[in-house]
Amino acid sequence: MTSGTTYGNRKVAVAGVALSDCGRVDRATPYALHAQAARRALADSGLDRAVIDGFASAGLGTLAPVEVAEYLGLRPTWVDSTSVGGATWEVLAAHAADAIAAGHANAVLLVYGSTARADIKAGRRTANLSFGARGPLQFEVPYGHTLIAKYAMAARRHMHQYGTTLEQLAQVAVQARANAAANPDALYRDPITVDDVLDGPVIADPFTKLHCCIRSDGGCAVLLVAEDYVPDLAKPPVWVLGSGTAVSHTTMSEWDDFTVSPAAVSGRLAFDRAGVRPADIDLAELYDAFTYMTLVTLEDLGFCAKGEGGAFVGEGRLLRDGALPVNTDGGGLAACHPGMRGLFLLVEAVRQLRGEAGSDRQVHKPGGRLPQLAVASGTGGWFCSSGTVVLGRE
């Protein structure tokens, strides 16, 4: 693979990535976390803020991304605020890459920040998440069908149809926590066992507490640029090789198969456009609000056959030194999950491809070489949407 891989008319590179302060952040607003992450990503790129002519943000403000751009002192001529839940950031990255490739923008900043944990602690919001009761959702809301219950139903269907076990689902949480152990930015780093997962309080059958993502504060930013800026970058570029997006359903009654997520479509599109196969991928950063999400996304991206996810996640396969390192920072199950976590997947994938993850958690392939290809795949709603991005380095 070379940097000559073409994405549209111009090649698109990730120029800078950064996290804001994450974990427990009690004395900052979401806007401040946006600004902190944006400044750090720009510094990581080595470019001047004047190059930014595109901006994408979602999840904050009445007129996102207008309010956030104003707060950051930006006046972009290309903007996007497509919001599809956890998949938002992979979808926005795909849109931004398309715009850059077509010449509609030259440098697009994607930025996110949330104080979800601190807001609950301070009583500024409740723990309940409501998507409203209008439109198609009116036929489900009266029955008290919560978001987590929808994921739990899907997991139960997979268990019934393919024999997937609670122990196999628990392995996803155990290995995520093991990966987080070497990540100083992870909120939870202590090891857990399968028994710890199984013995926890039930949140929505079959999920216990440790099957579910954590709640944290935090933000991050990613700067995408046209190939023209690559000579001026502070670090070697990571290239956007291909992307795909897909939506599936809103109401559970319209979901054709509870065991198939829209990643089955977005992944195929992304791999085809990148000209690679799942077997070529060195590491995967996957949205993991619940353990079942990781398992079914691995199947739908083609890393294993449908129904074989339970066996696939066993035997340490997802660990940093496993056969397919997954969520190498600890993911939403252990590292951070301040809301729409998808942008964090891109940050971690880029750091791993650059070889910047640190000696304790950097992924190495046979012979000690750095990984060449990574995939970031976000899932939104209750498997309602998916965005997949394939990244590669020179």
Side-chain angles (χ1 to χ4, degrees), residues 154-156 158-183 186 188-200 206-213 259 261 263-264 267 277-335 345 348-349 352 357 359-377 379:
R156 271 296 179 196
H158 199 281
M159 295 171 69
H160 169 77
Q161 190 163 327
Y162 296 111
T164 306
T165 67
L166 285 172
E167 288 78 8
Q168 290 170 333
L169 288 170
Q171 273 291 341
V172 175
V174 170
Q175 293 177 63
R177 185 67 71 89
N179 286 339
N183 179 10
Y188 293 101
R189 301 173 61 189
D190 293 336
I192 58 175
T193 66
V194 169
D195 286 341
D196 291 332
V197 180
L198 300 182
D199 292 342
F207 296 146
T208 60
K209 181 178 180 179
L210 293 176
H211 280 286
C212 307
C213 65
T259 70
S261 79
R277 303 166 303 161
D280 299 323
I281 298 298
D282 294 317
L283 62 100
E285 307 297 337
L286 309 179
Y287 209 96
D288 61 341
F290 306 99
T291 54
Y292 176 61
M293 294 178 74
T294 303
L295 186 148
V296 78
T297 304
L298 287 166
E299 293 179 348
D300 291 336
L301 292 180
F303 291 112
C304 61
K306 178 56 59 180
E308 296 181 2
F312 184 87
V313 300
E315 301 179 358
R317 192 183 297 266
L318 312 185
L319 296 174
R320 176 184 57 83
D321 55 356
L324 178 67
V326 172
N327 295 340
T328 47
D329 63 344
L333 292 169
L345 310 181
E348 178 64 13
Q352 287 287 346
S359 58
D360 290 339
R361 68 182 190 89
Q362 175 63 52
V363 171
H364 290 283
K365 306 309 291 182
R369 66 179 178 89
L370 289 175
Q372 293 280 333
L373 290 169
V375 62
S377 189
T379 304

Chemist: Does any N or O in the side chain of Asn179 come within less than 3.5 Å of the main-chain N or O of Leu318, such that one atom is a donor and the other an acceptor?
Modeler: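 Looks like yes, one N/O pair under 3.5 Å.
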Chemist: Could you pull out the closest heavy-atom pair between Ala155 and Pro206, with the gap in Å?
Modeler: CB-CG, 4.3 Å
Chemist: Evaluate the side-chain contact (heavy atoms from CB on, under 4.5 Å) criterion for residues Phe207 and Thr291: first the C-alpha distance (whole Å), next the side-chain angles of each, then the deciding distance (0.1 Å), finally the verdict.
Modeler: CA-CA 8 Å; Phe207 296 146; Thr291 54; 4.1 Å; yes
Chemist: Between Arg277 (side chain only) and Gly302 (backbone N and O only), is there a donor and an acceptor less than 3.5 Å apart?
Modeler: no
Chemist: Any chance you could measure Thr164, atom OG1, to Arg156, atom CZ, to the nearest 0.5 Å?
Modeler: 11.0 Å
Chemist: Check whether Arg317 reaches the backbone of Phe312 with its side chain - one donor and one acceptor, N or O, closer than 3.5 Å.
Modeler: yes
Chemist: To the nearest 0.5 Å, what is the distance between CG (Asn327) and CD (Glu348)?
Modeler: 8.5 Å
Chemist: Is there a donor in the side chain of Gln171 and an acceptor in the side chain of Glu167, or the other way round, less than 3.5 Å apart?
Modeler: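 No, Glu167 and Gln171 have no side-chain donor paired with an acceptor closer than 3.5 Å.
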Chemist: Taking all non-hydrogen atoms of both residues, which atom of Ala173 and which atom of Leu333 are closest, and how far apart?
Modeler: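 Distance-wise, the nearest heavy atoms are CA-CD1, 4.0 Å.
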Chemist: Would you say Gln168's side chain and Val313's backbone share a donor-acceptor pair under 3.5 angstrom?
Modeler: no
Chemist: Supply the atom-to-atom distance Leu169 CG to Leu198 CG, rounded to the nearest 0.5 angstrom.
Modeler: 9.5 Å
Chemist: Can you tell me how far CG of Leu295 sits from CD of Glu308, rounded to the nearest 0.5 angstrom?
Modeler: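 These two atoms lie 11.0 Å from each other.
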Chemist: Contact between Gln362 and Gln352 at the side-chain level, heavy atoms closer than 4.5 Å - yes or no?
Modeler: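 Yes. Closest side-chain heavy atoms under 4.5 Å.
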Chemist: Does any donor atom in the side chain of His158 or Thr259 lie under 3.5 Å from an acceptor atom in the other side chain?
Modeler: no
Chemist: Are side-chain N/O atoms of Thr193 and Asp196 paired as donor and acceptor at under 3.5 Å?
Modeler: yes
Chemist: Under a 4.5 Å cut-off applied to non-hydrogen side-chain atoms, are His211 and Val197 in contact?
Modeler: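 When only atoms from C-beta onward are counted, Val197 and His211 do touch, with a gap below 4.5 Å.
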Chemist: To the nearest 0.5 Å, tell me how far Thr208 OG1 sits from Leu166 CG.
Modeler: 8.0 Å
Chemist: Closest approach of Thr328 and Arg361, non-hydrogen atoms and distance?
Modeler: O-NH1, 3.7 Å
Chemist: What is the minimum heavy-atom distance between Pro371 and Val363, and which atoms define it?
Modeler: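 That would be CD-O, 3.2 Å.
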Chemist: Report, as yes or no, whether the 6.0 Å neighbourhood of atom NZ on Lys209 holds more than 12 heavy atoms from other residues, nucleotides or ligands.
Modeler: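 Atom NZ in Lys209 is not packed in, count stays at 12 or less.
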Chemist: Please test Asp282 against Arg369 for side-chain contact (heavy atoms from CB on, under 4.5 Å), starting from the C-alpha separation and ending with a verdict.
Modeler: CA-CA 11 Å; Asp282 294 317; Arg369 66 179 178 89; 3.9 Å; yes
Chemist: Measuring from atom CG of Leu210 to atom OH of Tyr188, what distance do you get when rounded to the nearest 0.5 angstrom?
Modeler: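 If I round to the nearest 0.5 Å, the distance is 9.5 Å.
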Chemist: Has His364 got more than 12 heavy atoms of other residues, nucleotides or ligands less than 6.0 Å from its NE2?
Modeler: yes
Chemist: Strictly distance-based, threshold 3.5 Å: is any side-chain N or O of Arg320 a donor or acceptor partner for the main-chain N or O of Pro325?
Modeler: no
Chemist: Is a side-chain N or O of Asp300 found less than 3.5 angstrom from the main chain of Ser261, in a donor-acceptor match?
Modeler: yes
Chemist: Strictly distance-based, threshold 3.5 Å: is any side-chain N or O of Asp329 a donor or acceptor partner for the main-chain N or O of Ala186?
Modeler: no
Chemist: Give me the atom names and distance for the closest heavy-atom approach of Thr297 to Ser377.
Modeler: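 So the two residues come closest at CG2-OG, 4.2 Å.
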Chemist: Can you check whether Leu324 reaches Leu298 side chain to side chain, under 4.5 Å on heavy atoms?
Modeler: yes
Chemist: Any idea which heavy atoms bring Ala176 and Ala334 closest together, and the distance?
Modeler: O-CB, 4.0 Å
Chemist: Does Leu286 reach the side chain of Leu301, with side-chain heavy atoms less than 4.5 Å apart?
Modeler: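 Yes, close enough: below the 4.5 Å cut-off.
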